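Quick notes on the structure that follows.
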Number of protein chains: 2
Amino acid sequence: MEEVAKVAGVSVATVSRALRTPDAVSPKLRTRIEEVSQRLGYAPNRIAGSLAGARSPLIGVIVPSLTNSFFAGTLDQMTTLFEASGYQLMIGQHGYDTDREERIVAAFASWNPSALIVTGRRHARGTLATLSAAACPVVEMWDHGERPLDSGIGFSNRAAGELAARYFVEQGLIRTAFVGATLDKDDRARARAEGFKDTFRGLTGLEPLILPAGSRELGEGGAALKRVIARQPEIQAIAFSGDMLAVGAMFEADRMGLSIPGELKILGYGDLEIARHTNPRLTTIRPPHKEIGEAVVRHVLERLKTPDTPSVNLDLGVKLILRETV
Amino acid sequence: MEEVAKVAGVSVATVSRALRTPDAVSPKLRTRIEEVSQRLGYAPNRIAGSLAGARSPLIGVIVPSLTNSFFAGTLDQMTTLFEASGYQLMIGQHGYDTDREERIVAAFASWNPSALIVTGRRHARGTLATLSAAACPVVEMWDHGERPLDSGIGFSNRAAGELAARYFVEQGLIRTAFVGATLDKDDRARARAEGFKDTFRGLTGLEPLILPAGSRELGEGGAALKRVIARQPEIQAIAFSGDMLAVGAMFEADRMGLSIPGELKILGYGDLEIARHTNPRLTTIRPPHKEIGEAVVRHVLERLKTPDTPSVNLDLGVKLILRETV
DNA sequence: TTCAGATTTGCAAACGCTTACATTTTTCTT
DNA sequence: AAGAAAAATGTAAGCGTTTGCAAATCTGAA
């Protein structure tokens, strides 16, 4: 920058202004400085800029897993949109481990980020402390509930479970099950399971089977199907906490010669691309993946531009996508 | 830090040393400083640290897409492993757009990262300039070829295509096709297509059908299957540039009443989880997803620890996973 | 006990920008 | 044309660390 200033015959302050707040510099100088820094291939040092300025153009995002299609989709949206506004994403994953989340949040906070975005509403004590102390907007996404730390953008997982139960009851289904991946660690999956159970019980007085699955992968779906049938041979319908589990169960049912939806109904969750292509096509509950990413970016950008913008707490809702398996 | 220094009754220099190079401080002071900074909840400002030190503990990784399972898997590995060594990942995606890649590389370089990791071997002129000028290790991953910019860790996509062709020929398959996603933009898919075509032609003197697909998603696989059959009704075997396309084709074949592998053989690429669960299970070519991530991290960490470590250019190879569709 | 050498600590100068404030130049009003 | 107000530019003080070098302290041999 010093170099550019010298060549352009101005002070570094003017160069800085020409580059960051062009309006504050006379058109003549501005063009000269732009031309020179172009010619010299000058690239500002973001680190120095961040240290001098109040905060860095970094945005920390923490998700449970990068390989989970839901979060991958949200991150996809966010990198693209934030990048366009000149922000860089720092992405961290904790694998549903709250201690690891705490360490990542602390690490991210020490970069003076412009915003911190975490997944879910349950955090370790230290995470809460760090987030509350952070001098930037904090968004808890993918979940809706009362009193977010700062802003919350997501939907009610409980409502998603309720929706599944209500739909089963409407269809006259009596012997049902909910299969959820890692219910012990994944709060959101657990909330769906509980919404399902409570609603089904409330509506019918009957007890649905609630079964955990070891992972959210296809293979577990097939295995879970077998376990459900072993426990309840007369099962009529199963709701899964993820489309991949549901598809795995469909493959397994195919192998077992069990016809879907004839002998068994299957309901997914996620509305992944694959749900549109299976035979038969998978009926599923669609969380607002993309909408969450968009809403988070829009809100954060707004907060950053107009600092007195109030926090929000949005429930983006879920939708039942009727296809052929229920 | 000043605060900690005052409370512990030492200078900030000593605090810095106690925290970063504990061996350079007497045990007595070290424990006192650690205790105080613990008590005060001191978190060092990474930005200031990076400005003062030679470079930042940031590692830039650029992939074509976050939602592509291959790269998601590699990133998964890398975030976890680098995080454990105190590095943060900055992740960028360019959607196979070289201009966008250029902008991202430039943006990342301005953070004085400890390493820069890009996908593939073809880059815009400006990207090459930035990467060559970067004062840090540069790794080009997911592809193997001669003369990487600095280090290269991947495998030969051409060899993957050759493997597919050779296997088809060994099986006595004559009327074959290769369906590739976005062959115009994805160099790696194109290299596989060319390896397939050249080898098949060389071995049999026959011309395989090479067809582009609009995307790498399931639906396109089904659509491509129909197009292949329209062009060549007697088709015996199709190699796909991705497992998802292959699975989409299997679903479509199912709908068409076409038996696999009886009437049509299908070969995938990727060895995604789903390949193990379809009916019949998908024969596929496995690129070394995980191995790439691990090798990149190992190499970069080595380079960072011992700066005079030489660059590498590794070919990790591909493997044919025999299952039931060919 | 003394003193050289090793170890520990402190001082102060970067690191490369941003920005409040002061100064200079330009523009406008009368 | 003079003076006030507005706009443009420069000066310099940070931002919170790290680190080379000097000073102080400690260690052990003579």
Side-chain angles (χ1 to χ4, degrees), chain A residues 1-34 36-37 40-58 86 88 106-107 109-114 133-136 304 307, chain B residues 1-34 36-37 40-58 86 88 106-107 109-114 133 135-136 304:
Chain A
M1 186 167 207
E2 211 171 349
E3 177 88 6
V4 175
K6 213 181 312 169
V7 174
V10 297
S11 71
V12 293
T14 306
V15 175
S16 174
R17 275 189 286 252
L19 266 27
R20 292 187 44 93
T21 49
D23 293 339
V25 169
S26 68
K28 201 179 58 177
L29 273 194
R30 191 194 316 160
T31 31
R32 177 150 98 239
I33 291 170
E34 276 163 0
V36 171
S37 70
L40 264 44
Y42 167 72
N45 180 324
R46 308 299 229 120
I47 300 209
S50 306
L51 181 58
R55 56 186 169 207
S56 70
L58 247 26
Q88 291 302 333
S110 70
W111 284 98
N112 269 134
S114 286
C136 66
L304 259 21
Chain B
M1 187 171 211
E2 213 170 353
E3 177 86 7
V4 175
K6 212 181 314 170
V7 175
V10 297
S11 71
V12 293
T14 306
V15 174
S16 174
R17 277 189 283 254
L19 265 28
R20 291 187 46 92
T21 48
D23 293 339
V25 168
S26 68
K28 201 179 56 179
L29 273 193
R30 190 195 316 161
T31 31
R32 178 148 97 239
I33 290 171
E34 276 163 359
V36 170
S37 70
L40 262 45
Y42 167 72
N45 180 325
R46 307 299 228 120
I47 300 212
S50 306
L51 181 58
R55 56 186 171 210
S56 70
L58 245 25
Q88 289 302 331
S110 69
W111 283 99
N112 270 132
S114 285
C136 67
L304 259 20

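What you see is a predicted model, and the numbers here were worked out from it, not measured in a lab. A note on names: the letters A, B, ... follow the listed sequences, proteins ahead of strands, and every chain is numbered from 1.
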N/O donor-acceptor pair under 3.5 Å between Ser56(B) side chain and Asn112(B) backbone | yes
**Prompt:** Short question: side chain of Thr14(A), backbone of Val10(A) - any donor-acceptor pair under 3.5 Å?
**Reply:** no
For a side-chain contact (heavy atoms from CB on, under 4.5 Å) check, start with the C-alpha distance between Gln88(A) and Trp111(B), then their side-chain angles and the critical distance, and finish with the verdict.
CA-CA 10 Å; Gln88(A) 291 302 333; Trp111(B) 283 99; 3.8 Å; yes
Kindly say whether Ala43(A) contributes a backbone atom to a donor-acceptor pair with the side chain of Ser110(B) at under 3.5 angstrom? no
Quick tally for nucleotides 9-18 of chain C: nucleotides whose base has a protein heavy atom under 4.0 Å get B, sugar-phosphate-only ones S, the rest -, giving BBB---BBBB
Applied to residues 15-33 of chain B, the side chain to side chain donor-acceptor pair (under 3.5 Å) test, sequence neighbours excluded, yields none
